[in-house]
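Working notes, beginning with the structure itself.
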Amino acid sequence: MTRLRRKALVALFLFTLFIFGAMMGLRTLKPSDGFSDLAPGIGIDFPGEKSDRRRLDGRDVAQVSPGQFHTGGSSSSDTKVVFTRSDREYSIFYDVHIFYYLWYGSPSMDNKYIHWDHVLVPHWDPKIAASHAQGRHTPPEDIASSFYPELGAYSSRDPAVLEAHMAQIEAAAAGVLVLSWYPPGVADDHGEPTEDLVPVVMDAAHRHSIKVAFHIQPYKGRTDQSVHDNIKYIIDKYGKHGAFYRFRSSTGRVLPLFYVYDSYLTPPESWAELLKTKGSHSIRGTPYDGVFVALIVEERNKHDILASGFDGIYTYFASNGFSFGSSHQNWKAIKAFCDANNLLFIPSVGPGYVDTAVRPWNNHNTRNRVNGRYYDTSLQAALSVRPEIVTITSFNQWHEGTQIEKAVPKKTVARLYLDYRPNQPDHYLELTRQWAENFNKEKDKWLM
């Protein structure tokens, strides 16, 4: 009896140890309140009824849902249009949008590395900053990411890279590339201007039936008036391109859709001058009207967004619990607010989050990928609120470890990079495709 009791106690101990280990491994699937630990601006400076088959742009339109936009030309898209190419056995979905960054550079194309050599951002508290590494990364062996791209420390100007990216996005079934955009001659604090690349990106996207929406970044001096000028510039220059994305609004109008990052930096009364009908320089009812989607970080932002005249809300961040907006547990309430006020709610999901290669003190906001389970949890959370559109954060934000772009194992003398093993480099592309297909099947049920 004593021996049996001892065996039972040992078995109970081992089982308890296993449960504890599993709970610790899956801790990143639960929200935390890490956003309150960040100083303002830190962590948010980095920043898409079945019909008869018919021909469009040389491809078959497979299905259009009731009440949704039926494409009438190559420059228009909708959340429910599905293309099937004659040389492909799969489709892409225009209700799955993916954030895309053009800011990378390499010596072969740009005469230097850009962004891959990003500085290590110091903590705002000097005592904490002193306990972490400083300086900047030294590519190509040491890059500003915890993962390593299959394409290496590439340049966004490389045509072969752009073509590879579009092929990967198409493979992931994401129909709308949401391009991080700065006005001509303007760039983020760590990069170079890239607006001249936009035509090349749109041409590459068009070859893969991908549409392009614009993610307007918070450049220095951005105001409601400057955004008015930006919108006019974008529509005048790109509005007739076959890859330019348009969305059918609730009023039935077919309009360009713009995401506005860090929209809360501009007061609601200023946005209202642009986005409300009676504003001093309103774009409503003009050739430059659109669907404008604002970022929600804190809960109070939703009231400012409504007062501003925005048409929708998105959450962007891939770290569950990092902010009010990015916390899955709040999405039901945000969606209810949007439904009550005729706003789009566009949740943003991601495969994980790790930005310690650029913010070495921010480990508490890391969200481990758990071989894709974190991504699945995020995607299911989005599905549960029945959104019209879901955004993926991101295709290639390597600094914050949110990318679904192909990554490979890599070890150097000084670094051991994370990777997608035991899965293949395209694991997150495949997961995105599988979920996009399921998302659209579920939407068909909602509409019945």
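Reckoned from all heavy atoms, side chains included, excluding hydrogens, waters and symmetry mates.
To the nearest 0.5 Å, atom CD1 of residue Ile334 and atom CG of residue Asp339 are 12.0 Å apart. Note that OG of Ser156 is 7.5 Å distant from OH of Tyr104, once rounded to the nearest 0.5 Å. Once rounded to the nearest 0.5 Å, the distance linking CG of Asp229 with CG of Asp224 reads 10.0 Å. Annotation: the span from Asp444 atom CG to Phe439 atom CZ amounts to 10.5 Å, rounded to 0.5 Å. Atom CD of Gln424 and atom CG of Asp426 lie 6.5 Å apart (nearest 0.5 Å). Between the CD1 atom in Ile305 and the CG atom in Asp311 there is a gap of 11.5 Å [rounded to 0.5 Å].
The closest donor-acceptor contact from the side chain of Asp376 to the backbone of Gly372 lies at 3.5 Å or more, if one exists at all.
Between Tyr259 and Tyr314, the distance separating the two ring centers is shorter than 6.0 angstrom. Residues Tyr420 and Phe147 bring their aromatic ring centres within 6.0 Å. Aromatic ring centres of Trp398 and His118 lie farther apart than the 6.0 Å criterion allows. The aromatic ring centroids of Tyr154 and Trp116 lie less than 6.0 Å from each other.
Annotation: side chain of Thr223 is not in contact with side chain of Thr266 (no heavy-atom distance under 4.5 Å). Between Ile216 and Tyr261, every side-chain heavy-atom pair lies at or beyond the 4.5 Å cut-off. Residues Tyr113 and Thr138 fail the side-chain proximity criterion, which asks for heavy atoms closer than 4.5 Å. Within the 4.5 Å cutoff, the side chain of His215 has no heavy atoms near those of the Tyr100 side chain. In this structure, Leu255 and Arg246 have side chains that are not in contact, with every pair of non-hydrogen atoms separated by 4.5 Å or more. Counting only heavy atoms from C-beta outward, the side chains of His137 and Ile143 never approach each other to under 4.5 Å. With contacts defined as side-chain heavy-atom distances shorter than 4.5 Å, the pair Tyr245/Phe214 does not qualify. Looking at heavy atoms from C-beta onward, Lys443 lies in side-chain contact with Asp95 at the 4.5 angstrom threshold.
Among the candidates Phe337, Phe310, Tyr264, the single residue satisfying the ring pair (Phe, Tyr, Trp, His ring centres under 6.0 Å) test with His303 is Phe337. None of Lys406, His208, Glu405 except one satisfies the side chain to side chain contact (heavy atoms under 4.5 Å, CB included) rule with His165; the exception is Glu405. Checked options Phe395, Tyr316, Phe317; the residue passing with Phe99 is Tyr316 (criterion: ring pair (Phe, Tyr, Trp, His ring centres under 6.0 Å)). Only one option out of Phe247, Trp271, Phe258 pairs with Phe292 in a ring pair (Phe, Tyr, Trp, His ring centres under 6.0 Å); it is Phe258.
Judged by the 6.0 Å and 45° rule, Arg369 forms a cation-pi pair with Tyr428. A cation-pi geometry, defined here as NZ or CZ lying under 6.0 Å from the six-membered ring centre and within 45° of its normal, does not hold between Lys410 and Tyr417. Taking the centre and axis of the six-membered ring of Phe345, the NZ or CZ atom of Lys335 falls outside the cone set by 45° and 6.0 Å. Stacking of Arg222 on the aromatic ring of Tyr182 is not recorded, the 6.0 Å distance cut-off and the 45° axial limit not both being met.
Salt bridge status for Glu430 with Arg433: absent, with no side-chain N to carboxylate O gap under 4.0 Å. In this structure, Lys112 pairs ionically with Glu192, as a charged nitrogen and a carboxylate oxygen lie closer than 4.0 Å. Salt bridge absent: Asp142 and Arg136 never bring a charged side-chain N and a carboxylate O closer than 4.0 Å. Using a cutoff of 4.0 Å between basic side-chain nitrogens and carboxylate oxygens, Lys441 and Glu437 are not scored as salt-bridged. Ion pairing between Glu400 and Arg359 holds under the 4.0 Å rule for side-chain N and carboxylate O.
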Worked verdict on Asp304 versus Asn301 for side chain to side chain donor-acceptor pair (under 3.5 Å): CA-CA 5 Å; Asp304 290 341; Asn301 294 151; 4.6 Å; no
With side chain to side chain donor-acceptor pair (under 3.5 Å) as the test, would you mind laying out the steps for Asp117 and His190 before giving the verdict? CA-CA 9 Å; Asp117 65 342; His190 307 282; over 6 Å; no
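Ring geometry for Tyr238 versus Tyr233: interplanar angle over 60°, hence perpendicular rather than tilted (30 to 60°).
Counting non-hydrogen atoms of neighbouring residues, nucleotides and ligands closer than 6.0 angstrom, the CD atom of Glu163 exceeds 12 such neighbours.
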